[in-house]
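Bear in mind that the values here come from a model prediction, so they are computed numbers and not experimental data.
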Amino acid sequence: MNQWIETRNLFYDKNTWTKTELARESALSLAGLTKHLAKLLEHGDIVCPGVAGSTGGRPSKRYVLNPNRSHILCVMLQKQALECLSCRILALDGSVVGEERVESGQITLDFLLECIERARLRDPLVDLVVLSFPGVCSHGVLEVGDLKQLLGVDLKAAIEARFSVECRIENDVNCACIGYAKARRCANVAFLFLPENAPVGCGLVLNGRLYNGHRHFAGELRYLPFEPRSIDRFVETLACVVAPAVIAIFDETGARAAIHWQTVPLSYRPCLDWVPDMAPFVWDGLFTIAIDALKKRTMERKEDL
């Protein structure tokens, strides 16, 4: 990978650095870093607002990620009493720039595109759209899920063609699992979602990476021959098949059923963490996916992206 890009990506991991800190982290020479930082400053990826606190010697310049180099549009699709679309515009440091929530009897492709267009008109800095969907999405095409009118639609292609921006789409529970794993700093996590009026869902992060499986079908526990709320069986199946360190559980009904372990030996049982809400983890997961996409970008100027 280009050393400029490697240096830039360190600012996505931690927003502020001195040159000495970067040299320690990257193993690059101070002379090389000076050149890379100059390029990043010219490109607008970082800014240099001042100096770091002195420890007795000459104060070091502090370099900071430019949060407004571009913005990210995160979109969460949900099926509740009505179908719901929530939008959140984020700066590159994760701060919320704007948000909107709309409900509809049916979220069509045109309705979704209009909401995205509204968000981009309000904020022209948006050049990346990341969307969570309650179901299976393979290579941008929605294949299985609760929003039946969108099944078979190549949503990624539709968004990129309409707005000339990069788009990433991921299952909503996968997003929650990514967000949970990052927040809890855990490399092996299963996130179990028990909706009130829909089939169970599950996201998997194994060895620090989202596991999608063949055609993004991993975690579709709805197809197991169990009753919809057989929490014991779901938990024991996950413990035996993927052996996560933690199973986070969000039950939309608010219940917290006792888990009766039957077959898994005590020393191999994962920690169970009942969480009060899934949405904050979905937002965190969407932002994490966005940052991963930005890290893969080359150093073209913004107007060429």
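Among residues two or more places apart in sequence or in another chain, the side chain to side chain donor-acceptor pair (under 3.5 Å) test is passed with Glu252 by none. With sequence neighbours left out, Phe226 forms a ring-ring contact (aromatic ring centres under 6.0 Å, His included) with Phe234. Residues passing the side chain to side chain donor-acceptor pair (under 3.5 Å) test with Glu220, sequence neighbours excluded: Arg222. Under the ring-ring contact (aromatic ring centres under 6.0 Å, His included) criterion, Phe133 pairs with no residue at all, not counting sequence neighbours. Taking His216 as the reference, nothing meets the side chain to side chain donor-acceptor pair (under 3.5 Å) condition, with sequence neighbours excluded.
A 4.5 Å side-chain heavy-atom check between Ile289 and Ile178 finds at least one atom pair inside the cut-off. By the 4.5 Å heavy-atom criterion applied to side chains, Gln3 and Leu33 are not counted as neighbours. Side-chain contact between Cys137 and Leu155 is absent, with no heavy atoms from C-beta onward closer than 4.5 Å. Contact of the Pro270 side chain with the Val246 side chain is not registered, since no non-hydrogen atoms from C-beta on lie closer than 4.5 Å. The side-chain heavy atoms of Cys175 and Cys177, taken from C-beta on, include no pair separated by under 4.5 Å.
For the pair Leu41 and Ile46, the tightest heavy-atom approach, listed with the atom from each and the gap, is CD2-O, 3.5 Å. When all heavy atoms are compared, the tightest approach of Val126 to Val165 is O-CG1, 4.2 Å. The two residues Trp283 and Ser86 come nearest to each other via the heavy atoms CH2-O, 3.7 Å. Nearest heavy-atom pair across Ala257 and Ile231 is CB-CD1, 4.1 Å. For the pair Asn174 and Asn171, the tightest heavy-atom approach, listed with the atom from each and the gap, is N-OD1, 2.9 Å. Pairing each heavy atom of His139 with each of Asp154, the nearest pair is O-OD1, 4.3 Å.
Connectivity analysis of hydrophobic side chains (ILVMFWY, heavy atoms under 4.5 Å, direct or indirect) links Val141 to nothing; its cluster partners are none.
Glu103 and Gln78 share no donor-acceptor pair across their side chains, judged by distance under 3.5 Å alone. Side-chain contact check for Asp110 and Thr108: no donor-acceptor pair (N or O, by modelled atom type) lies under 3.5 Å. Side-chain atoms of Arg62 and Thr16 form a donor-acceptor pair, as typed in the model, at a separation below 3.5 Å. In this model, a donor atom of one side chain and an acceptor atom of the other lie less than 3.5 Å apart for His71 and Asp123.
A distance of 9.0 Å separates CG in Leu294 from CG in Asn9, rounded to the nearest 0.5 Å. If you take CG on Asn15 and CG on Leu92, they are separated by 8.5 Å, rounding to the nearest 0.5 Å. For the atom pair CZ of Arg256 and CG of Asp251, the computed distance is 11.0 Å after rounding to the nearest 0.5 Å.
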Intermediate values then yes/no, side chain to side chain donor-acceptor pair (under 3.5 Å), Lys61 and Thr18: CA-CA 6 Å; Lys61 288 183 179 178; Thr18 65; over 6 Å; no

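Taking the ring axis of Trp17 as reference, the NZ or CZ atom of Lys19 does not stay both within 45° of it and closer than 6.0 Å to the ring centre.
With Asp93 contributing its side chain and Pro67 its backbone, the two residues share no donor-acceptor pair below 3.5 Å. Checking side-chain atoms of Arg8 against main-chain N and O of Lys295 turns up a donor-acceptor pair under 3.5 Å.
No continuous path of hydrophobic side-chain contacts links Leu125 to Val64 [ILVMFWY only; heavy atoms under 4.5 Å]. Two different hydrophobic clusters hold Phe217 and Leu204 under the rule that ILVMFWY side chains link at heavy-atom gaps under 4.5 Å.
When each of Phe287, Phe193, Tyr180 is paired with Phe281, the ring-ring contact (aromatic ring centres under 6.0 Å, His included) condition holds for Tyr180 and for no other. Exactly one of Arg297, Lys296, Lys156 qualifies for a side chain to side chain donor-acceptor pair (under 3.5 Å) with Glu166. That residue is Arg297.
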